[in-house]
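What follows is a single structure, written as structure tokens, with notes after it.
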Amino acid sequence: MPEFEHSLAVFIDYENLALGATPKGGGKRKPATKPDISKVLERLLEKGKLTAKRAYSDWQRFPDAVGDLHALGIELTEIPTRAQTGKNSADIRLAVDAIELCHTKSFIDTFVIVSGDSDFTPLVSQLKENGKTVIGVGMYDSTSELLAANCDEFIFYEEIGIAVDAPAIPDSLSKEKRKAYQLLFETIEALQRENVTAMHSSLIKDTIRRKAPQFNEQLYGYRSFTGLLEEAQDLGLIKMHKDAKSGTWAVEGFTG
């Protein structure tokens with residue numbers, strides 16, 4: 001199990017992500033598409049606690065996004081139009097804020113740059129020199145290879161939420177139990193992506209609660225979280241063993 005919970009600061013270059021999500025047609029881009037920031041945050045919650053969440057843009061260009069971002073608890077920083085301030089104004093403000101947080105909040109060990117802009121490569125280098133882990137998130141079409149290569153990890157937006165190894169949830173289970181299994185399977189996959197080999201029951205439950213703080217196994221018909229895991233094993237969906245030291249269940253992965 002991890003010795004401590006990672007603390008993440010998330011900085012979003014919203015315009016870069018929105019334009020990257022917008023398909024091209026006839027050699028020109030269509031009006032900007034609103035990216036789903038909630039699924040980005042859900043993916044990052046698999047890694048630890050989101051301590052700071054900030055987004056930068058000229059919000060007059062993306063009025064439909066403001067309400068959703070506020071609902072996600074993201075602090076919005078207004079950047080005037082580029083015609084008034086120059087091309088890199090949002091980039092500079094984001095970088096300054098990230099460096100300030102790096103030096104004033106030592107407990108934050110991981111910085112997330114949601115952008116594919118190569119201009120952030122020096123920022124990534126500075127954060128790493130200060131002992132921080134840097135994760136990048138961006139679109140296939142708008143991500144610089146230089147930026148992606150310099151991050152400790154780079155997540156492509158289009159790959160978030162794609163199930164790989166999880167088995168099908170049996171139709172025989174009730175609607176409520178199927179919801180519990182969906183959370184369980186998503187979390188096991190997330191921990192496997194993080195190369196966690198000892199997925200103790202307490203770690204799995206804590207990870208679920210970061211994404212769904214209201215989670216309580218009793219609401220899904222189980223007397224304990226162990227009961228959910230044991231049922232999944234009895235159905236042949238997951239493999240587990242008892243940890244020799246703690247005596248608790250540790251999930252090895254999916255069957256098959």
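The basis for the numbers below is simple: all heavy atoms, side chains too, and nothing from hydrogens, waters or symmetry mates. Heads up: numbering here begins at 1 and tracks the sequence.
The two atoms that bring Phe154 and Cys151 nearest to each other are CD1-SG, 4.1 Å, heavy atoms only. Closest non-hydrogen pair, Leu235 versus Tyr181, comes out as CD1-OH, 3.5 Å. When all heavy atoms are compared, the tightest approach of Trp249 to Glu230 is NE1-OE2, 3.0 Å. Among all heavy-atom pairs drawn from Tyr14 and Ala65, the shortest one is OH-CB, 3.2 Å. Between Ile12 and Val10, the shortest heavy-atom contact is CG1-CG1, 4.0 Å. Nearest approach of Ala52 to Leu101, heavy atoms of both residues: CB-CD2, 4.0 Å.
Shown here are the side-chain hydrogen bond (donor to acceptor under 3.5 Å, both in side chains) partners of Asp36, two or more places apart in sequence or in another chain: Ser38. Remark: Thr51 engages Ser7 in a side-chain hydrogen bond (donor to acceptor under 3.5 Å, both in side chains) (not counting sequence neighbours). With sequence neighbours excluded, the residues satisfying side-chain hydrogen bond (donor to acceptor under 3.5 Å, both in side chains) with Lys211 are Glu46. The side-chain hydrogen bond (donor to acceptor under 3.5 Å, both in side chains) search around Ser106 returns none, not counting sequence neighbours.
Residues Ile188 and Ile238 meet the side-chain proximity criterion, which asks for heavy atoms closer than 4.5 Å. Between Asp97 and Arg93, some side-chain heavy-atom pair lies under the 4.5 Å cut-off. Using a 4.5 Å cut-off on side-chain heavy atoms (C-beta onward), Leu123 and Val134 make no contact. Arg193 has its side chain within reach of Arg43: a pair of non-hydrogen atoms, C-beta onward, lies under 4.5 Å apart. Contact annotation: the side chain of Arg54 approaches that of Glu75 to within less than 4.5 Å [non-hydrogen atoms, C-beta and beyond]. Considering only heavy atoms from C-beta on, Asp68 comes within 4.5 Å of Lys34 through its side chain. Looking only at side-chain heavy atoms (C-beta outward), Ile74 and Leu41 come within less than 4.5 Å of each other. The side-chain heavy atoms of Leu127 and Asn130, taken from C-beta on, include no pair separated by under 4.5 Å.
Pairs of residues two or more places apart, or lying in two chains, never qualify as ring pair (Phe, Tyr, Trp, His ring centres under 6.0 Å) while including a residue from residues 97-127. Applying the ring pair (Phe, Tyr, Trp, His ring centres under 6.0 Å) test to pairs two or more places apart or on separate chains, those with a residue in residues 206-243 are Phe215-Tyr220.
With 3.5 Å as the limit, one finds no donor-acceptor pair spanning the side chains of Asp91 and Tyr56.
More than 12 heavy atoms of other shown residues, nucleotides or ligands fall within 6.0 angstrom of atom NZ in Lys39.
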Assess whether side-chain hydrogen bond (donor to acceptor under 3.5 Å, both in side chains) is satisfied between Ser246 and Thr248, documenting all intermediate values.
-> CA-CA 5 Å; Ser246 65; Thr248 59; 2.7 Å; yes
Asp206 and Arg210: CA distance, side-chain angles, deciding distance, salt bridge (charged side-chain N to carboxylate O under 4.0 Å, His left out) verdict | CA-CA 6 Å; Asp206 288 345; Arg210 280 207 301 269; over 6 Å; no
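No side-chain donor-acceptor contact under 3.5 Å links Thr143 to the backbone of Tyr140. Checked by atom type and distance alone, the side chain of Ser144 never pairs as donor or acceptor with a backbone atom of Asp117 at under 3.5 Å. A donor-acceptor pair is defined here as one N or O able to donate and one able to accept, closer than 3.5 Å; such a pair exists between the side chain of Asn16 and the backbone of Gly116.
The residue from Lys205, Arg223, Lys177, Arg209 that alone fulfils the salt bridge (Lys or Arg N to Asp or Glu O under 4.0 Å) condition with Glu217 is Lys205.
Taking CE of Met240 as the reference point, atom CD of Gln233 lies at 4.0 Å (rounded to 0.5 Å). Summarising the geometry, atom CG belonging to Leu184 is positioned 6.0 Å from atom CD1 belonging to Ile204; distances are rounded to the nearest 0.5 Å.
In summary, Lys132 and Asp152 do not engage in a salt bridge, as defined by a charged side-chain N under 4.0 Å from a carboxylate O.
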